[in-house]
Novice: 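Before anything else, here's the structure in question.
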Amino acid sequence: MKSKLAVNIGSLKLKNPVIAASGTFGYGREYSDYLDPGELGAVITKTITRHRRDGNRPPRICETTGGMLNSIGLQNEGLEDFIGKKLPECRRLGTRLIVSVGGETNAEYAGIVETLDREPEISAFELNISCPNIEYKDKIISQDEELTYRLVKDVRSKTAKPLIVKLSPNVSDITKTARACQDAGADSVSLVNTFLGMAIDIERRKPVLGNITGGLSGPAIKPLALRMVWQVSNKISLPIIGGGGIMSARDAIEFLVAGATAVSVGTAHFVNPRACLEIKEGIASYLSRHHFKDVKELIGSLNVR
Amino acid sequence: MKSKLAVNIGSLKLKNPVIAASGTFGYGREYSDYLDPGELGAVITKTITRHRRDGNRPPRICETTGGMLNSIGLQNEGLEDFIGKKLPECRRLGTRLIVSVGGETNAEYAGIVETLDREPEISAFELNISCPNIEYKDKIISQDEELTYRLVKDVRSKTAKPLIVKLSPNVSDITKTARACQDAGADSVSLVNTFLGMAIDIERRKPVLGNITGGLSGPAIKPLALRMVWQVSNKISLPIIGGGGIMSARDAIEFLVAGATAVSVGTAHFVNPRACLEIKEGIASYLSRHHFKDVKELIGSLNVR
Amino acid sequence: MKLEIIRNVFLKDRYLLLELSAPRSFSRAVPGQFLHIRIEDSSDPLLRRPLSIHDLESRKRGKSSGEKTIVKILYEIAGKGTALLAEKRPLSQVDVLGPLGRGFDIKKARAANVIYLLAGGMGVAPLYFLAKRLSREKKKIEVLIGGRNKDHIMREREFRDLGCEVHVATEDGSLGLKGRVTALLLERLKAARPQGRRAICACGPKPMLAAVAEISRQKSIPAQVSLEEFMGCGVGACLGCVIRTTFGYKRICHDGPVFDAEEVIWTE
Amino acid sequence: MKLEIIRNVFLKDRYLLLELSAPRSFSRAVPGQFLHIRIEDSSDPLLRRPLSIHDLESRKRGKSSGEKTIVKILYEIAGKGTALLAEKRPLSQVDVLGPLGRGFDIKKARAANVIYLLAGGMGVAPLYFLAKRLSREKKKIEVLIGGRNKDHIMREREFRDLGCEVHVATEDGSLGLKGRVTALLLERLKAARPQGRRAICACGPKPMLAAVAEISRQKSIPAQVSLEEFMGCGVGACLGCVIRTTFGYKRICHDGPVFDAEEVIWTE
Ligand SMILES: Cc1cc2nc3c(=O)[nH]c(=O)nc-3n(C[C@H](O)[C@H](O)[C@H](O)COP(=O)(O)OP(=O)(O)OC[C@H]3O[C@@H](n4cnc5c(N)ncnc54)[C@H](O)[C@@H]3O)c2cc1C
Ligand SMILES: Cc1cc2nc3c(=O)[nH]c(=O)nc-3n(C[C@H](O)[C@H](O)[C@H](O)COP(=O)(O)OP(=O)(O)OC[C@H]3O[C@@H](n4cnc5c(N)ncnc54)[C@H](O)[C@@H]3O)c2cc1C
Ligand SMILES: Cc1cc2nc3c(=O)[nH]c(=O)nc-3n(C[C@H](O)[C@H](O)[C@H](O)COP(=O)(O)O)c2cc1C
Ligand SMILES: Cc1cc2nc3c(=O)[nH]c(=O)nc-3n(C[C@H](O)[C@H](O)[C@H](O)COP(=O)(O)O)c2cc1C
Ligand code: FES
Ligand code: FES
């Protein structure tokens, strides 16, 4: 018998726990030559802002040992373009569409969510309050529990759709921001976004990235992300979307065992466009090999004696 | 002409900027079959505590992509044993000996430093306030500016030898703890210690490490460590010992360019016991290739336009 | 997609020619398109490496009736990834995405009577494939190849065999004109009598392409340039590989790598 | 130190025999010592892998007068590192530290009249080298090999060629006794007439060694056991590879890998 793969993120029902992470999967169609997005549990869009954003100057990408730095800087065409051009194309994705929302003020976040709330093809929102490339009152929102709480509260009132908040790992104690999200009424937390890093071209003694620093992703960060998911799952009761460095089913299962209800896959797409599919299939075969009837039995099953 | 490699960490004069990091080079003699410790700028001992510590239960080590987790847990034989047995053997190391000091209370740190202050073979102290395996009032000291300030202040009064403080990277803003060290009279900050991480054995659904979590080191963390060194060098004026994932001369030069006065090499020894020597030689040949007369010209030479 | 390596040989010093056995669909590839290659099933290197299609060939498949398509890649050992690629032996496989990107606009190029193909260093890689396609058209094709010294000049003979006129510039003067390939272009433009419409297609380092764009503007000769940037996805999903254009940042992997020179903002 | 690969061949399924050309100094190696091997010049895998010395041999070096020392390693493909090692071909090199660690105490072992060598799975690797050394001593050596099934039993014939008596236990009964190798040991101890002093040397998974230690205690037969743990440095510097003993945590790489069974605290 096949094991059940469906999971729930609050009221958001996913047919399987494998989600394409924001910013690495475009608007859902870019990888269509390689896999059917309908195979995924959900797709999270590149972060959308109220107005068009140019993004940072190139180079924007740099490989590091076991990972990569990026400093895209939330390049996107803005809300109107998204509604007018991108959303219609998302209509027949065959999976849940989660829109990632970014901004510089609470009003901007709230405004976008309010506007998009009426779009039926959108299943949920993910608030990107963790992108290390944009500063809000001199801080990344997610690095401040108070700011996080207020923002989530403000946005919460604008939608009844599931509200996911994506946390920054660049903090002393991620359980505190996670708790702020829970207290403010979020349905789920998503962790982790990228870790702020840097690379230097020693021949020119200049930063490799045009923006000097960038966010580290990929397998290098997996042990850190996994630890954070485990910490948060011990402290709050919301379902967690866990990710950071997931390249294989094995990695994804580690996150589920640590307490994530679903997993997000980012950098892996660049290495293997079919990564999400292989992860989904790998989870399924692990479940049947270990005689689990339902993936939910795996979630948070870590035995620490 | 050969370029000059000597650097100063406060009043501590090093013949070259390559330092063996605490906990990865034993007490200085363990690698003698592979390289002469006299070739290094300095050796930092495994962290010493007042009393003997057993350390954590095994497994204590686990490889991750581009890095490794360790949960040694400050195993050491205590201060008396160090003075009686280890120190005499350090006498003819041929390089600077820096003793790493750990503890659970300010008094413990201060006591160790006070006791060791009279030992002439000790050139400096490094306060390990960042080991993620030991909790101090529910916190890692280094994650709290106030605790850090008070600890450094308390220890400062016990010695005239150079006092280096080793910072944890598991914080929202490492420049704040660095500044607390400067304000409290430290001579240098050393960064970074390991990042708290975790790995799970999915077949048994148990943590791989006996201690559940451990510290991530190795090239995986290099971009993060480098970014922190750069941030700190922009905010404080103390000399910085920079490290985290340095495997090659190229990596070391990145840290120097970012603002480190010296570099610490840890995990690289496990891969290549002669790493420090090769790094030293690589820096020297870089300097002559780029017509630098003195390594000091390289320090903080990053051009961000 | 896993493609089998048929040949992988050094041409000189650090330059190799790789031949891959590809499905028939590859015969639709356009000059300027590239493959995004995963060299090892390893995290070191982690990301794919973009390499242009240097040539396409159809070969009879032994006795059986079908034809097989061969994709050729001309590459330089530039770092870890290409060094590992250089170690690969025939019969082993590499994992390939592609052909990817928007190649040269052949229609636009062949609207001219004289076409100048400018290669800086490894820029010859896609231009040979382009020359081959254009050589069907009975146009005059001048190939101008620039490099640091004569050891960096490649494929001269192969271009000549296609019927192209080939000129070389080296920075140290060890072969051809001493100087830059853009100086060579100016010289060739001057030498030529005005013969109606001209076009430029160029591939090489960004400063060279910027100089080409300037010449294109001054002389009103339309130019297409093929750009490079670090790449993540290679399929337009990550916005990692952009170039500033008059329409904002565009993705080199998907909107390019070939752009109209006048569209690119070179000052960034 | 870079050692050249002379041979690297599959013995069965996932088990290989590696032969390395080593300097003469290696002839001083003690059974139970290991090499700490960097398989690739890559960050994947990052750390070295410890592998025991399976055998040492001296061969005449062609016509020249000297001898060369050959180190043999018997290994199983257990993951990424050993899989990459299995791909290595003769003439290529691996980077080796060693011989490292404290091996079996030969003196202690040969104080007995009958020596039982217990191998669980890959435990045969160091025990063959030990048997070879002990076989010089004209002692009775019984080699007891345990494994999941007959495909996991190796080196039977080689041990017999040394003059050892060999017995096998498999969990599925496909070869020899059905059951654990420690059950086999109990059986052999019972079958034997009391012939004065006996000794046990064992290598295998920790639960097996714990069972050996228990038998050793009950029957008052001294036992030496060779332990495994993940390793960092391999030279005693990092305290990463410890085992709990009556003297506190000891380093397997430096204070071991061979310990007196009674010294180890097995309950952790
Ligand atoms: C569309 C496109 C087509 C290309 N076609 C060819 C070709 O036909 N032949 C050829 O030899 N080279 C080509 N290149 C360049 C080639 O991709 C790089 O030389 C290669 O990626 C270097 O990888 P590496 O691991 O060997 O070097 P690395 O160790 O990664 O780096 C060496 C240097 O190569 C450059 N580089 C590294 N990664 C990239 C990247 N992803 N994109 C661009 N540059 C990079 C950097 O300048 C770096 O300093 C092309 C690049 C692009 C973008
Ligand atoms: C002193 C000593 C001697 C050994 N001698 C032999 C031998 O002669 N032949 C042989 O086949 N094997 C031997 N081993 C075990 C061998 O080291 C591991 O099988 C090998 O390191 C696995 O590496 P991998 O990359 O192939 O597998 P990985 O992908 O790293 O892991 C596969 C499994 O191997 C084990 N393992 C991984 N790394 C280590 C490590 N550093 N130390 C111990 N276990 C590890 C873990 O259980 C892991 O689940 C010895 C181990 C030690 C400590
Ligand atoms: C190129 C790139 C662009 C990204 N853009 C976004 C973004 O727009 N919004 C966001 O919330 N996260 C963004 N991320 C972060 C990813 O969604 C993901 O959280 C992170 O990369 C860690 O996961 P990974 O290691 O699987 O990639 C981006 C990551 C990469 C690599
Ligand atoms: C096995 C191991 C043990 C360590 N023990 C200590 C220690 O006792 N005290 C300390 O300050 N740092 C300790 N560290 C941290 C290192 O000194 C170093 O800061 C860290 O590993 C990052 O550098 P690297 O990536 O070069 O290893 C240890 C690291 C490792 C890998
Ligand atoms: S490489 Fe991802 S958009 Fe071009
Ligand atoms: S592996 Fe470092 S002490 Fe044993």
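Here is how names work: the chains are called A, B, and so on, in the same order as the sequence lines, proteins then strands, and each is numbered from 1. Everything numeric here is computed off the predicted structure, so don't read it as measured data.
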Novice: Between R52(A) and chain C, which part of the residue has a heavy atom less than 4.5 Å away: side chain, backbone, both or neither?
Specialist: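 Side chain only.
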Novice: Out of M1(C), E229(C), H254(C), return the one with the most heavy atom pairs under 4.5 angstrom to chain A.
Specialist: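 Highest number of pairs under 4.5 Å: E229(C).
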Novice: Given the options G232(C), G234(C), G236(C), S43(C), which has more heavy-atom pairs under 4.5 Å with chain A than any of the others?
Specialist: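 When all of G232(C), G234(C), G236(C), S43(C) are compared, G232(C) has the most.
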Novice: Go through the atoms of I37(C) and report whether side chain, backbone, both or neither lie under 4.5 Å from a heavy atom of chain A.
Specialist: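 Nothing of I37(C), per the 4.5 Å heavy-atom cut-off to chain A.
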Novice: Need one label for T24(A): side chain, backbone, both or neither, based on atoms under 4.5 Å from any heavy atom in chain C.
Specialist: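 Just its backbone gets close to chain C.
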Novice: Could you check whether any side-chain heavy atom of K222(A) comes within less than 4.5 Å of a side-chain heavy atom of R227(A), counting everything from C-beta outward?
Specialist: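 SC-SC contact between K222(A) and R227(A) ruled out.
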Novice: Given heavy-atom pairs under 4.5 angstrom as the criterion, report whether the side chain, backbone, both or neither of P58(A) touches chain C.
Specialist: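 Answer is both: backbone and side chain atoms of P58(A) are under 4.5 Å from chain C.
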Novice: Under the criterion side-chain contact (heavy atoms from CB on, under 4.5 Å), which of T49(A), L116(A), I112(A) is the partner of F82(A)?
Specialist: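 By the side-chain contact (heavy atoms from CB on, under 4.5 Å) criterion, F82(A) pairs with just one of T49(A), L116(A), I112(A): L116(A).
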Novice: Within the 4.5 Å heavy-atom criterion, are K86(A) and I48(A) side-chain neighbours or not?
Specialist: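 With C-beta onward as the side chain, the pair stays apart.
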Novice: Under 6.0 Å from the ring centre and within 45 degrees of the ring axis: does the NZ or CZ of R60(A) meet both conditions for the six-membered ring of Y249(C)?
Specialist: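 Judged by the rule, R60(A) and Y249(C) form a cation-pi pair.
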Novice: Would you mind reporting whether I106(C) and P31(C) have side-chain heavy atoms less than 4.5 Å apart?
Specialist: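 Touching, per the 4.5 Å side-chain cut-off.
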Novice: At a heavy-atom distance under 4.5 Å, which candidate from D44(C), D95(C), V242(C) has the highest pair count against chain A?
Specialist: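 Of the options given, most contacts go to V242(C).
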Novice: In the structure I gave you, are the side-chain heavy atoms of E228(C) and P257(C) within less than 4.5 Å of one another anywhere?
Specialist: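 No, side chains not in contact.
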Novice: Between M231(C) and chain A, which part of the residue has a heavy atom less than 4.5 Å away: side chain, backbone, both or neither?
Specialist: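 Only the backbone of M231(C) comes within 4.5 Å of chain A.
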Novice: Quick check on Y34(A) against chain C: is it the side chain, the backbone, both or neither that has a heavy atom closer than 4.5 Å?
Specialist: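 For Y34(A), side-chain heavy atoms alone lie under 4.5 Å from chain C.
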Novice: Go through the steps for Y75(C) and N8(C) under the test side chain to side chain donor-acceptor pair (under 3.5 Å), then give the verdict.
Specialist: CA-CA 10 Å; Y75(C) 69 101; N8(C) 188 24; 2.9 Å; yes
